[in-house]
Structure formats: structure tokens, C-alpha cells
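Worksheet for the structure shown next.
Naming: A, B, ... by sequence-line order, numbering from 1 per chain.
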Number of protein chains: 2
Amino acid sequence: MNNFDEYLMNYVASFKDNLIKEAMIYSLDGGKRFRPNVLFSIIKGCGLEENDAYPAALAIEFIQSYSLIHDDLPGMDNDDYRRGKLSCHKRFGEDIAILTGDALLTHAFECISNSNYDDKLKVNLINILVKYAGLEGMIYGQLLDVTANTNINKEQLFEIHDNKTGGLFKYACLAAMYIASSKLDIEIDYNYYEALGSKMGIIFQSQDDLFDIIKTENETGKSNSDSRNQKITALSFMSVDELKEHIDFLFKDIKNYLSKANFDTKYLLEILERMQNR
Amino acid sequence: MNNFDEYLMNYVASFKDNLIKEAMIYSLDGGKRFRPNVLFSIIKGCGLEENDAYPAALAIEFIQSYSLIHDDLPGMDNDDYRRGKLSCHKRFGEDIAILTGDALLTHAFECISNSNYDDKLKVNLINILVKYAGLEGMIYGQLLDVTANTNINKEQLFEIHDNKTGGLFKYACLAAMYIASSKLDIEIDYNYYEALGSKMGIIFQSQDDLFDIIKTENETGKSNSDSRNQKITALSFMSVDELKEHIDFLFKDIKNYLSKANFDTKYLLEILERMQNR
């Protein structure tokens, strides 16, 4: 277990023992922590320590985990497997899954509000967390997703992915800069970092669409429900080979974009390397 | 429409038009605003204006509304009616209801973080909102509620009500004092105000248990699902007449408790008068 996972599990361990706490631990366990690692790699590229970003990263994992639990519910995608095991509602029942998602979402804000950040940084982080997780971010992407018909075009699919998957990557990039600028003399180019998060999200989702087809459920650790739910994915618009090529292009594009960054990009490039080989 | 309702609806109107926004407005509409009124009555008793408390009160209504939407879901209480009309999932579908609850919960924090309060007050309010709405407050009460068996005793029922219903009343009382103390030289007696909220919550829930039996669904505006779901209520331990007497006792008790308050209690006493006659 790495340090961040220890920090995460210690945080949850401080709750009173009960079934929701158990379901929280169950659901948080086994995540790949991609988004937190993006945040850490930028923080380190600014010359700060990884753990300077732990509270902000914890909020990401709480939000990510709640959204997967609610997304898997029978009233949503109705998925039985997640992270290589039964989804939360299959393991604990639907009522506990709904409440566990609600608890993770609620306490995501506490991860920040109760941290040792100064009040100004806390408020900035909470504002961007709402912006990218809420009705103009991730939840908006979910709405587009559940209401999309099979006639949507590439641009509309991009909008879904950019909001649904991109939301927390955008938060990760901007959170890193808010934390860095609270300690160092660094200017926040809001648009640059938002676009960086957007690019990361699109790559991540394009890979997921590909893996849903070329990998088994055993390998992805989750139900590949997109075809059952007749979901439009990147593969509705291109072949497997074309998508692979497109993903290569996206990696080249983001590396080029990073050459204009105002932080040392070597740690983020390592993350991208790992993403490209996952 | 009073000023607070205008403020509330203007806030929601600022979201981009979509189905979740529509479902938010649908669900927020028709609430009795009891908890916000408790907050306003204390604020006025401290000599401040009602609208000094609008952002903190808006968060209450967002949390209250999300909790009702999720509580009504088929996986929870499975209630078809709420506030005199179809419940959110009956009107908009289960997926939209889940997402609308999530959106209200997420943006409850924005009501505070994006307000004109100073950063210290914002952080204090967010911390108590998590405390009383989260896994050590309202959600804990929900957990006790969904896992309770029919053998629970009076004390356990009290614990459910104190967390589930009392949570937002406690937040209302303490939020009032945090706002007042940010503008005036007033000391916050945390325990006093938490207990005041607790007393308000217990009265409110005891009345609800009574109304579920003596009023029709038409009068309460919601499904009386407690007996269908074999829920234990105050009436599992006493007769209708005994409960009426008990509620009278609770009103006497809280009025006596208010004689020790450090604010002018006349506005809150008016609220209690209205509660007693509802």
C-alpha cells in the first residue's frame, strides 16, 4: 500500500464502525488512483511534496467512488461488477449503496474543509470541486449519458466524455495549481489547466472504450455494460485500429501541449507513459 | 412567494436549462421551509436581517430536498407521493431522480462556498453541514432507519429521529450562531444550540408520526408508507392520546429551555406557535 492509500484508509477508519463505513472501504479499495496521481505529478513538478495534495486528492477518490456506486445502481447502468468484485449494491443492497454514495459525496467536501489548508485555499478547492463534479461538470455528463439516444454524433459523444470523465481530471489539474500558488509565487493559467485536464479525460475515456471491447471483464474488473445498454462509444464512429491510432495521436498532442507548461513535466510524463502502456 | 423562496428559485434558475434543473425546481417547490425559518428566527433574534442567513438556509433546502428524493427511491422507502405530487422518480424516472439528488447535495456546498460570507465563516458552515448531514448525522440516521428491526426500543427510535430529522435542525441553530458571531460580539455555546436543534427535530418528528396516523395522505401531501414498510414510530410505544400529551410536554420543555437563550426568542417562539398549530 502506498502512502496515499494509507492516508485514505486512515481517514475512513476514523468514522464510527457501521455498515456504510464498511461499504465505503469496500468501494474505495482497488481503485487505480489515476486522477490523484495526476494531481501529485503536477504538485511535484512545482517543487512541492506529494502529501501537500493529499486532502484535495482524497476528495477526488470520494467523488469518483460515489459516482461509480450510483452509476452501477439498477436505476442507472445496472452493473453487477466493479473493480474486480461485486458492485456496492450487489454486495450491500441498494439502500446501503445509495446511502454510501451520499456519504462519500458529503464527506468529499469535509476532506477539504477539515484539512490543514488555509481558509482561502479550502474555499477555492471546494468551488472547483462543485464546478467539475456538479451540474455543470460530471453530473451534467451523466445526464447527457442517460438521456443520449443512438443518433448522437461524435461532437455530442465528446461533450459527454469531457464532462463525465474529464470533470475530475480538470479538478485534479486546477487543484494542483491552487495548492501550488498558495505556497509559491506561481500564476494560475486557468484555461491552460482546464484544457490539460480535458485532454487527460478524453485519453482516459478513449482507452476505456477500447478496453471494453479488446479486454475481457476479468481484465477490466467491471461489467462491460455499454453494448447491453446500447451505449454510443468511440467505437461507434471508428474501427478498433482507427481508435488505437487516434489514441496515439491524443498522446502526441498532450505531450506537445505539455511543452508549454510552467512546471517541470517529468512526473506527469511518467504518468502518461504508464497510461499509454496500461 | 416570500423573499427566501424567490432567492431560492433565482439561484436554481441560474443553472443551464436541462432535465435535472427541471427536477430540482419540481422537488424544491412546495416545501414548508421549517428549518430555514428556524434559522431566520434566531438570526432576527440576534438583531440581524433574515437575508444574512439566506446562503446557509439555501444549503438546508438543497440537502433536505436531496434526502427526500433519495429516500423516496424504490431501493429505499419506495414512496410515490411527496409534497402533494408525484415523487421525483415517479415523475422523472429513477436515473434522473438519483442524479438530481446528487446535484442538490453537491450544490448545497456551493450555496455556502460561493456566497458573500467571509472564508472563515464559509469553512465553519461547511464543516457543520457535513457533520449534521453526513455519516455522523442525517445519513447515520438513515442507516439506523433502513437497518432497524421491529424490536428496537424507545431509546433507539429516539437515536434514529435525533440523527435523521434532528440533523438539519441542529445545523440551522448552529449556523445561525456562526453567522451572528461573524458580525456581532456573541459567544457560541455549541452544546446549547446543538441541544436546541435536537429538541426541535424531536418535536417535528413526533408530530410527523402523529400526522401519519390522524391525517390523510391528502392532508400530509405524501405517502404514509411507515405502516406498509413496518416502520417503528412513536406510536409503536404509545397511544395517539399519549403522543399528543407527549408533544405538549415537548413544547413546554423547549419553551422553558429557550428562557436561557442569549438571543431574543420572540421570533422562534412564533415559529413554535405555528408548529404547535400545524
Side-chain angles (χ1 to χ4, degrees), chain A residues 12 15-16 18-21 24 63 66-67 70-71 73-77 89 93-114 117-131 133-140 142-147, chain B residues 12 15-16 18-21 24 63 66-67 70-71 73-77 89 93-114 117-131 133-140 142-147:
Chain A
V12 181
F15 291 123
K16 222 169 16 184
N18 61 51
L19 199 55
I20 292 180
K21 174 183 175 176
M24 280 170 109
I63 296 279
Y66 115 73
S67 75
H70 281 186
D71 203 32
L73 286 168
M76 299 278 294
D77 283 354
H89 68 276
E94 223 179 307
D95 48 2
I96 298 299
I98 293 168
L99 292 173
T100 301
D102 293 342
L104 284 164
L105 173 49
T106 305
H107 287 273
F109 292 95
E110 185 189 49
C111 299
I112 298 167
S113 69
N114 211 12
Y117 293 147
D118 65 49
D119 287 342
K120 187 183 164 200
L121 177 57
K122 289 177 182 179
V123 170
N124 282 332
L125 289 172
I126 288 170
N127 273 324
I128 59 168
L129 188 60
V130 171
K131 178 177 165 84
L135 191 48
E136 283 162 23
M138 211 176 69
I139 295 177
Y140 181 63
Q142 291 272 31
L143 169 67
L144 295 179
D145 195 28
V146 300
T147 54
Chain B
V12 182
F15 292 123
K16 222 167 20 183
N18 60 51
L19 199 55
I20 292 180
K21 174 182 175 175
M24 280 169 108
I63 296 278
Y66 115 73
S67 76
H70 282 186
D71 203 33
L73 286 168
M76 300 278 295
D77 283 353
H89 68 277
E94 222 178 308
D95 48 2
I96 297 299
I98 293 168
L99 293 173
T100 301
D102 293 342
L104 284 163
L105 173 49
T106 305
H107 287 273
F109 292 96
E110 185 189 49
C111 300
I112 298 167
S113 69
N114 212 11
Y117 293 147
D118 65 49
D119 287 342
K120 187 183 164 200
L121 177 57
K122 289 177 181 178
V123 170
N124 282 332
L125 290 172
I126 288 171
N127 273 324
I128 60 167
L129 188 59
V130 171
K131 179 177 163 85
L135 191 48
E136 283 163 22
M138 211 176 69
I139 295 177
Y140 181 63
Q142 291 272 30
L143 169 68
L144 295 178
D145 195 27
V146 300
T147 55

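Between chain A and the residues B/I96, B/N18, B/L99, the largest count of heavy-atom pairs under 4.5 Å involves B/L99. In terms of heavy-atom pairs under 4.5 Å with chain A, the best-connected choice from B/H89, B/K16, B/E136 is B/K16. Highest contact tally toward chain B, considering only A/M24, A/H107, A/K122, A/E94, is held by A/H107 [criterion: heavy-atom pairs under 4.5 Å]. Chain B forms the most heavy-atom pairs under 4.5 Å with one residue out of A/K120, A/K131, A/M138, A/H70, and that residue is A/H70. Most heavy-atom pairs under 4.5 Å with chain A: of the set B/F15, B/F109, B/Y66, B/Y140, this distinction falls to B/F109. The choice from A/D102, A/I20, A/I98 that makes the most heavy-atom pairs within less than 4.5 Å of chain B is A/D102.
Note that CG of B/D119 and CG of A/D118 are 8.5 Å apart. Values are rounded to the nearest 0.5 Å. Rounding to the nearest 0.5 Å gives a distance of 5.0 Å between CD1 of A/I112 and CG of A/L125. Separation of atoms CG (A/L143) and OG1 (B/T100) is listed at 8.0 Å; rounding is to 0.5 Å.
Proximity to chain A (any heavy atom under 4.5 Å) is restricted, for B/L73, to the side chain, taken from C-beta onward. Heavy-atom distances place the side chain of B/T147, and not its backbone, under 4.5 Å from chain A.
Listed here is the closest heavy atom pair of A/I139 and A/A133: CG1-O, 3.2 Å. When every heavy atom of A/K21 is checked against every heavy atom of B/L135, the shortest pair comes out as N-CD2, 4.4 Å.
With hydrogens and angles disregarded, a donor-acceptor distance shorter than 3.5 Å links the side chain of B/N127 to the backbone of A/S113.
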